[in-house]
Colleague: 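Here it is, the structure in full.
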Protein chains: 2
Amino acid sequence: MHKILIVEDEPAISRIVEKYLSKSNYECTAARDGFIALELLAKNSYDLIILDVMMPGIDGFRVLETIRETSDIPIIMLTARELEEDRLSGFSKGADDYVVKPFSPLELVKRVDVFIKRIYGVDEDTIKTYGPFVIDSKEKTIKKNNELIDLTSAEYSVVSVLLEHKNQILTRNQIIETAFSLDYEGYDRNIDTYIKRIRSKIEDDPKKPKYLQTKYGAGYVFII
Amino acid sequence: MHKILIVEDEPAISRIVEKYLSKSNYECTAARDGFIALELLAKNSYDLIILDVMMPGIDGFRVLETIRETSDIPIIMLTARELEEDRLSGFSKGADDYVVKPFSPLELVKRVDVFIKRIYGVDEDTIKTYGPFVIDSKEKTIKKNNELIDLTSAEYSVVSVLLEHKNQILTRNQIIETAFSLDYEGYDRNIDTYIKRIRSKIEDDPKKPKYLQTKYGAGYVFII
DNA sequence: TTTTTTTGTCATATTATTGCCATAATTCAA
DNA sequence: TTGAATTATGGCAATAATATGACAAAAAAA
């Protein structure tokens, strides 16, 4: 879990950014001005800073310069669209990236992911482990005992739904609606066929499934 | 039983959301546009609102603003993927969460659960614990010492009746009438067979039942 | 385009569940 | 202790559901 400091005077924006980053498994702290930010930085350690340029008190650039005297922690700056030339000045002072307001929170999260990944290796949370199975939702791959399992994309969708709801019985329709889309045209018995194909790839003995089990009259469960 | 208002103009989506929420023990009402929603809200009380952004007539944001003038009921908004910047505007107007279309209904249910739990405390009483046994009436599963017990649906019905009336002697007919229906065709001695099958799955030593005991001349009890 | 892979459908084989019974084992009271 | 009553158990058959193999259609790759 990486720690992120958000320096932003508008509580509305601060809250949204925090919400999104938290959802992406980051631990956030918000500072509503530069002084508070610098104080927090003196006492705690963070993995990345999101820094608004326009703030009352000391502005973002001053804060940036001060931080850079002692640390090269990644800093993403938030700036208004008009101030294009700020970019240059910002970069030269050591900001790592810019996001122009108004921004999409998802976009911001994506950039944060990039930095965190660059510094700390693989980004977390796209990779989940369930027993011998490791699912990488970004790469859309599944490994069993460290061996990549060759799945088609439909097969991947089906197993991943079952894995993510492990030990929960899912009906064919729930699987379809979650793995594919609400307006899937196909027959719900197609799931049987997917299950057959998946079993042949993940089970030691597809005739006696250990993981992907049938619930007669109900659906399927991934037991782990 | 918590009440949820679904505001969505597409009947297909509305129906499916309703189906999933109902299965999770929520009482749903659907409104096909903002006007109807506001009318319903004036007359009834709900515990949570699911609100589509894109609707004919008044759009979701307008509805959101109107609701927020008088109420802080949790609101989850449904929005199309392209409209990312809507998120910002939505959050600042007081939506509690966003779900992007096309969404997984299971995912939506999970988020609803989170809010309902946060506000009303403990999650719905679908899960009950009796000694080492945990029964999930929504999933229709029973665990013993955290291990899922593989029961057929008839077996589940029988054990769950006995568990819910633990330490109470039930006659075969009481079991039949509660577990199945009043017009069960079968012979009441079938219960003996169910008991046999259940014991083999839940008892350490089915020959000397510790939990599911026989009351000679009367019926069966689940001792816990 | 052609070729290959993936996906969807179907008919048929296989299996699971349920209800039923015959027989064995147990209980309880005379 | 005995035997009548009651319950336990194993197995069978009917039914319903699932598994599977084969193939066609669709999609993706070459």
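If you're wondering where the values come from, they're calculated on a predicted model, not measured in any experiment. First the proteins, then the strands, lettered A, B, ... as listed; each starts at 1. We use all heavy atoms of the structure for the numbers below, so side chains are in, but hydrogens, waters and symmetry mates are not.
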Colleague: So what does A:Y156 touch, heavy atoms closer than 4.0 Å: a base, only the sugar-phosphate, or nothing?
Modeller: nothing

Colleague: Any luck finding a side-chain donor-acceptor pair between B:N173 and B:Y184 under 3.5 Å?
Modeller: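 Result is no, nothing qualifies.
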
Colleague: With a 4.5 Å heavy-atom cut-off, do A:V109 and A:L21 have their side chains touching?
Modeller: yes

Colleague: Under 4.5 Å between any side-chain heavy atoms of B:I13 and B:I6, yes or no?
Modeller: no

Colleague: For A:K144, does the NZ atom have more than 12 heavy-atom neighbours from other residues, nucleotides or ligands under 6.0 Å away?
Modeller: yes

Colleague: Between A:R172 and A:D192 (salt bridge meaning N to carboxylate O under 4.0 Å), is one present in this structure?
Modeller: yes

Colleague: Is the terminal nitrogen or CZ of B:K3 (NZ for Lys, CZ for Arg) located under 6.0 angstrom from the six-membered ring centre of B:Y46 and within 45° of that ring's axis?
Modeller: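 Geometry flag: set, cation within 6.0 Å and 45°.
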
Colleague: Below 3.5 Å is the cut-off: list the nitrogen or oxygen pairs between protein and nucleotides 11-16 of chain C, distance only.
Modeller:
none

Colleague: Does a side-chain heavy-atom distance below 4.5 Å link B:I67 with B:L38?
Modeller: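 Heavy-atom side-chain distance check passes, below 4.5 Å.
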
Colleague: For DNA chain D, which residues in residues 186-193 of chain B have a heavy atom at a distance below 4.0 Å?
Modeller: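 Here the set is B:R189, B:D192.
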
Colleague: Of the options B:I135, B:V159, B:T178, which is the one that meets B:E164 in a side chain to side chain contact (heavy atoms under 4.5 Å, CB included)?
Modeller: B:I135

Colleague: Without placing hydrogens or testing angles, list every side-chain donor-acceptor pair under 3.5 Å for residues 207-216 of chain A, not counting sequence neighbours.
Modeller:
from	atom 1	to	atom 2	distance (Å)
A:Q213	NE2	A:K210	O	3.2
A:T214	OG1	A:R199	NH2	2.7
A:K215	NZ	B:D150	OD1	2.3

Colleague: How close or far is atom C1' of C:dT4 from atom CG of A:D150, stated in whole angstroms?
Modeller: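 Going from CG in A:D150 over to C1' in C:dT4 covers 14 Å.
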
Colleague: Heavy atoms within less than 4.0 Å of DNA chain C: which residues of residues 167-184 of chain B have one? Give them sorted by number.
Modeller: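 Only B:Y184 qualify.
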
Colleague: Is any side-chain N or O of B:T214 closer than 4.0 Å to OP1 or OP2 of C:dT27?
Modeller: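 For C:dT27, OP1/OP2 do not have a side-chain N/O of B:T214 under 4.0 Å.
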
Colleague: Taking any atom under 4.0 angstrom from a heavy atom of chain B, which nucleotides of DNA chain D are the first and last to qualify, 5' to 3'?
Modeller: D:dA5 to D:dG11

Colleague: Would you say A:I169 and A:V221 make side-chain contact, with heavy atoms under 4.5 Å?
Modeller: yes

Colleague: Do any pairs count as a salt bridge (charged side-chain N to carboxylate O under 4.0 Å, His left out) and have a residue in residues 10-33 of chain B, sequence neighbours left out, and if so which ones?
Modeller: A:E177-B:K19

Colleague: Tell me if the aromatic rings of B:F222 and B:F133 count as close, with their centers under 6.0 Å from one another.
Modeller: yes

Colleague: Taking the side chain as every heavy atom from C-beta outward, state whether B:L64 and B:L51 have any atom pair closer than 4.5 Å.
Modeller: yes

